[in-house]
Amino acid sequence: MKFQVVFCTLALCGLAVVSQAQVTFQQIPGLAFFDNQGYLNGVSWVDVDNDNDLDVCVTGSGGSFPNFTNISAIYLNNGNESFTNTGLLASAQKNPFRHGWADYDNDDDLDLYIGATWNNNGINEFWRNDGVLGFSLTTGTGATPNIAQPYEGTVSWADYNNDGWADLFIPRWNDLKNKLYRNNGNGTFSEITAGTIVNDLAWTSGGYWGDFDNDRDQDLYVVNYQIGSATPGNNNLFRNNGDGTFTKITTAGQVVTLQQNGRSANWVDVNNDGYLDLFVCNQFGQDLLHINNGDATFSTQPIGATNHTSWSSNWGDYDNDGDQDLITIGFWNTDSRFWQNDGQGNLTDITATHPNIFPLETNGSNANGIVWVDYNRDGWLDLHITQPDVSPDRFWENEKTSCRSWLEVKCLGIQSNHAAIGATVRAKALVGGQPVWQMRQVSAQTASVGSNPMLLHFGFDDAVVIDSLVVEWPSGQTCYFTQFPVNQIVDIREDCTVLVTQDAPELPGITEEIILCQPADTSKQLPSGVSNDGVWEASCGACVDQTGLFMAVGLTAGDYWVRHLLGSGICGASLDSFLVRVVAQPVITASPDTVVGQGEMLVLTASGANTYLWTPADGLTCSSCPSPSLKADSAVVFTVSGFDANGCPAVPDQVSVMITQEPMFDMPNAFTPNGDGVNDTFGPAYKGNIFSRFQLRIINRWGQEVFVSDFPSEPWKGMIGDKSLPSDVYVYRFTYELVNGETGALTGEVTLIR
């Protein structure tokens with residue numbers, strides 16, 4: 001894979017000043033999916049048609065109780081920052097609520113489940129993606145019931161039993177039992193009725209799947225608004241036992257003991273320690289951040305005001321600094337809040353620094369759903385906030401800071417469910433000069449009302465390369481990558497193949513391309529162009545020292561970039577940039593090693609290089625071609641050297657040609673003169689010039705002499721004159737004298753076969 005990264009010029013970046021600049025947002029008006037009249041209960045960004053851009057789905061209703069009208073729709077991304085209502089959802093729901101996406105049938109497109117609100121005994125709907133810009137409404141029982149579902153929460157997809165098929169958890173309101181449906185893998189579902197996970201009675205606001213104990217199965221956090229008629233409820237954490245059953249965890253701390261009117265939750269690794277933490281929004285109370293201690297317990301930190309209502313929340317690294325930041329949506333006349341993460345899980349309220357995002361019209365009871373999404377694929381998260389009633393929706397484009405790096409990853413399951421729900425991606429890079437691990441998990445529900453794309457977004461601040469990228473699949477498969485490029489969008493399959501769907505920008509400013517041939521070249525001193533006051537960096541890490549010495553030992557063949565900076569990190573001003581191409585030294589293979597008779601002609605061959613040189617050149621028809629001919633007069637050892645197309649010297653090879661010491665020949669007993677070039681003539685078989693006197697006579701069965709030759713170069717062709725003789729047994733008489741003085745006479749029989 002080619003390593004590429006964007007370098008900023010000194011004039012554009014301003015070094016560290018730009019790196020620390022505040023990221024701002026610009027409001028984008030008039031997008032097609034905005035609604036100014038209805039009440040949007042659900043919003044998600046998802047690639048409906050698999051064209052590598054993100055589409056928008058909204059579910060909600062217009063009008064007023066009890067005469068609601070359905071305004072649910074899917075808006076396709078046209079690829080030019082515009083969207084078109086597809087008309088794909090012909091929903092009959094009077095008051096559709098939240099929704100969720102999963103590839104329930106593993107046909108590599110995402111299907112849609114829409115939950116109905118408890119008002120008017122709404123009916124849930126399950127829409128199967130037909131893969132040709134069409135959706136079919138499924139019917140039946142199980143997870144596709146045409147029955148009333150009193151409902152107030154999330155649509156929560158996850159493969160809880162790791163059988164490769166996405167299952168469905170439906171939380172319910174009105175002190176009713178929640179529902180869990182197991183995907184049978186054949187288009188049907190079976191309802192699970194055993195266990196406290198589906199037998200607790202509560203007013204459940206939502207269910208949130210996440211692998212909090214890092215054992216590669218999905219655990220479930222259930223947020224309860226109340227238990228019984230009025231009492232605030234405690235939330236529940238169900239640990240997956242790995243066998244299709246769950247254990248309710250009651251000793252995890254306040255995460256499961258505090259009684260509050262819970263509204264929603266998010267799983268997030270807020271402090272980059274590799275464990276999922278929990279953020280919980282509460283009504284008439286205080287929001288809570290529960291830090292995962294890594295031992296099945298949590299430490300609880302209050303966030304924000306004590307008498308506050310947060311309806312929903314969502315996390316994203318909006319400033320690409322290597323940690324995830326938070327927005328909470330206020331309700332019941334309380335404000336929405338924007339929280340900046342310092343990378344250690346400490347949150348600072350920065351709402352006041354973004355007055356254009358949180359004017360009065362988007363605060364209090366006018367805000368509803370929130371999604372972080374890179375809608376224009378520029379590597380920076382934009383912000384979508386929906387509002388109910390007659391308030392207009394809002395979308396803000398991230399104005400970005402050009403000198404921060406990022407990566408976006410879409411996971412594609414093979415053995416695991418194909419949407420890869422539950423897959424965990426971990427990335428390590430040097431952020432601010434320090435190694436920082438980050439973790440994201442593919443989830444089908446990242447917020448109460450809005451769901452982020454399943455495309456995982458990472459920010460890396462000033463990192464120039466991702467040192468390690470690890471994908472942990474629910475199946476148990478793990479993919480490892482090192483020196484992974486930043487600033488690109490990729491698909492990673494469960495077989496560990498990588499497809500780049502949006503390339504990193506080309507590396508500008510290459511002042512020199514250098515080729516190193518291994519193992520011949522072990523190092524190369526790179527010229528800096530100036531004194532060594534700056535910093536040397538390379539995509540291969542420690543392969544370059546601070547004097548500019550590039551060390552190729554231990555590197556695999558490939559392309560590596562190196563740059564000399566005034567300053568450090570991706571925002572440093574590049575004084576010199578180099579593309580170092582490490583090439584495996586070619587190896588020449590030559591043949592044949594052979595023993596021949598003196599004067600015999602043979603062809604030598606060599607491969608593995610682009611140019612060749614044979615030494616010694618005496619007797620060869622060509623000393624610089626891959627296949628010279630030789631008349632063997634004496635024993636010789638040839639050495640073949642050469643170069644490849646990059647100018648790398650090849651590892652040479654040798655060919656030994658030996659001359660037979662004693663003249664030898666053999667008389668065959670049959671031949672087939674049929675013109676196929678094989679065994680067409682009869683005479684002694686020999687190598688070299690071994691005869692000083694030679695006579696071969698052929699006699700047929702009647703004693704008639706049919707052939708005489710006095711020269712070894714004139715064997716019998718099965719003819720008498722110009723007439724072909726028939727198949728038969730003939731007598732030969734052969735007299736000779738060899739070059740060593742030996743004489744002899746042979747009489748025998750040869751069979752002519754036609």
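No option in Phe711, Phe734, Tyr730 other than Tyr730 meets the ring pair (Phe, Tyr, Trp, His ring centres under 6.0 Å) test with Trp716. For the side chain to side chain contact (heavy atoms under 4.5 Å, CB included) criterion with Cys543, the lone passing option out of Leu555, Val580, Val582 is Leu555.
When all heavy atoms of Tyr612 and Cys625 are compared, the closest pair comes out as CB-O, 4.2 Å. Shortest non-hydrogen contact noted between Gln477 and Cys496 is NE2-SG, 3.7 Å. Nearest heavy atom pair, residue Ala745 against residue Thr735, reads CB-CG2, 3.8 Å. The shortest non-hydrogen separation linking Ile421 to Ala102 is CD1-CB, 3.9 Å. Listed here is the closest heavy atom pair of Gln525 and Thr547: NE2-O, 2.6 Å. Looking at every heavy atom in both residues, Ala420 comes nearest to Val442 through O-CB, 3.2 Å.
Separation of atoms CG (Asp163) and CZ (Arg182) is listed at 8.0 Å; rounding is to 0.5 Å. A distance of 10.0 Å separates CH2 in Trp614 from OG1 in Thr621, rounded to the nearest 0.5 Å. If you take CG on Leu752 and OG on Ser727, they are separated by 5.5 Å, rounding to the nearest 0.5 Å. Once rounded to the nearest 0.5 Å, the distance linking SG of Cys411 with CD of Glu472 reads 11.0 Å. Rounding to the nearest 0.5 Å places CG of Leu499 at 11.5 Å from CD1 of Ile489. A distance of 5.0 Å separates CG in Leu469 from CD1 in Ile492, rounded to the nearest 0.5 Å.
No side-chain heavy atom of Thr478 sits under 4.5 Å from any side-chain heavy atom of Val471. Residues Ile466 and Leu407 meet the side-chain proximity criterion, which asks for heavy atoms closer than 4.5 Å. Between Leu604 and Pro592 the shortest side-chain heavy-atom distance falls below 4.5 Å. For the pair Val603 and Leu630, the minimum side-chain heavy-atom distance is 4.5 Å or more. A heavy-atom distance below 4.5 Å is found between the side chains of Tyr104 and Phe189. Residues Asp545 and Trp536 are not in side-chain contact: their nearest non-hydrogen atoms beyond the backbone lie 4.5 Å or more apart. The closest side-chain heavy-atom distance from Val655 to Val637 is not below 4.5 Å. Contact check for Asp644 versus Val583: side-chain heavy atoms found under the 4.5 Å cut-off.
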Please determine whether side chain to side chain contact (heavy atoms under 4.5 Å, CB included) holds for the pair Gln502 and Gln488, giving the CA-CA distance in whole Å, both sets of side-chain angles, and the decisive distance to 0.1 Å. CA-CA 6 Å; Gln502 180 169 301; Gln488 60 178 349; 5.8 Å; no

For Phe682 and Leu696, what are the C-alpha separation, side-chain angles and deciding distance, and is it a side chain to side chain contact (heavy atoms under 4.5 Å, CB included)? CA-CA 10 Å; Phe682 172 72; Leu696 175 65; 4.2 Å; yes

Could you give me the CA-CA distance, side-chain angles and deciding distance for Asp374 and Leu455, then say whether side chain to side chain contact (heavy atoms under 4.5 Å, CB included) is met? CA-CA 9 Å; Asp374 178 12; Leu455 184 72; 5.8 Å; no

Let me see the working for Asp559 and Arg581 under salt bridge (charged side-chain N to carboxylate O under 4.0 Å, His left out), right down to the final yes or no. CA-CA 5 Å; Asp559 291 349; Arg581 180 159 292 155; 2.8 Å; yes

Please step through side chain to side chain contact (heavy atoms under 4.5 Å, CB included) for the pair Phe665 and Leu746, ending with a clear verdict. CA-CA 12 Å; Phe665 68 88; Leu746 297 175; 3.8 Å; yes

Start with the C-alpha gap between Asn184 and Ser190, add the side-chain angles, then the distance that decides, and say whether side-chain hydrogen bond (donor to acceptor under 3.5 Å, both in side chains) holds. CA-CA 7 Å; Asn184 298 320; Ser190 296; 3.1 Å; yes

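The neighbour count for Met658 CE, taken as heavy atoms of other residues, nucleotides or ligands under 6.0 Å away, does not exceed 12. Enclosure of atom CD in Gln415 is not indicated, since only 12 or fewer non-hydrogen atoms of other residues, nucleotides or ligands lie within 6.0 angstrom. Enclosure of atom CE in Met664 is not indicated, since only 12 or fewer non-hydrogen atoms of other residues, nucleotides or ligands lie within 6.0 angstrom.
Asp167 places a side-chain N or O within donor-acceptor distance of the main-chain N or O of Tyr160, the cut-off being under 3.5 Å. Panel note: side chain Thr522, backbone Val553; no donor-acceptor pair is recorded below 3.5 Å. In this structure a side-chain-to-backbone donor-acceptor pair under 3.5 Å is present from Asn610 to Ala645. Side-chain atoms of Asp653 do not come within 3.5 Å of backbone N or O of Thr639 as any donor-acceptor pair. Distance alone, capped at 3.5 Å, is enough to place a donor-acceptor pair between the Asn77 side chain and the Gly79 backbone. Ser416 places no side-chain N or O within 3.5 Å of a backbone atom of Trp473 that could act as its donor or acceptor partner. Checked by atom type and distance alone, the side chain of Asp680 pairs as donor or acceptor with a backbone atom of Gly675 at under 3.5 Å. The backbone N or O of Gly476 lies less than 3.5 Å from a partner atom in the side chain of Arg216, making a donor-acceptor pair. No side-chain donor-acceptor contact under 3.5 Å links Asp130 to the backbone of Leu133. Remark: the backbone N or O of Glu742 is paired with a side-chain donor or acceptor of Asn740 at under 3.5 angstrom.
Among pairs with a residue in residues 695-713, those fulfilling side-chain hydrogen bond (donor to acceptor under 3.5 Å, both in side chains) read Gln695-Asp710, Arg697-Glu705, Asn700-Gln704, Arg701-Asp728, at least two apart in sequence or across chains.
Ring geometry for Phe484 against Phe481 counts as perpendicular: the plane angle is over 60°, on a 0 to 90° scale with 30° as the lower cut.
Phe135 does not carry Arg128 over the face of its six-membered ring by the limits of under 6.0 Å from the centre and within 45° of the normal.
Checked by atom type, the side-chain pair Thr605/Ser591 shows a donor-acceptor distance below 3.5 Å. For the residue pair Thr424/Gln441, the side-chain donor-acceptor check at 3.5 Å is satisfied.
Aromatic pair Phe691/Tyr686: centroids less than 6.0 angstrom apart.
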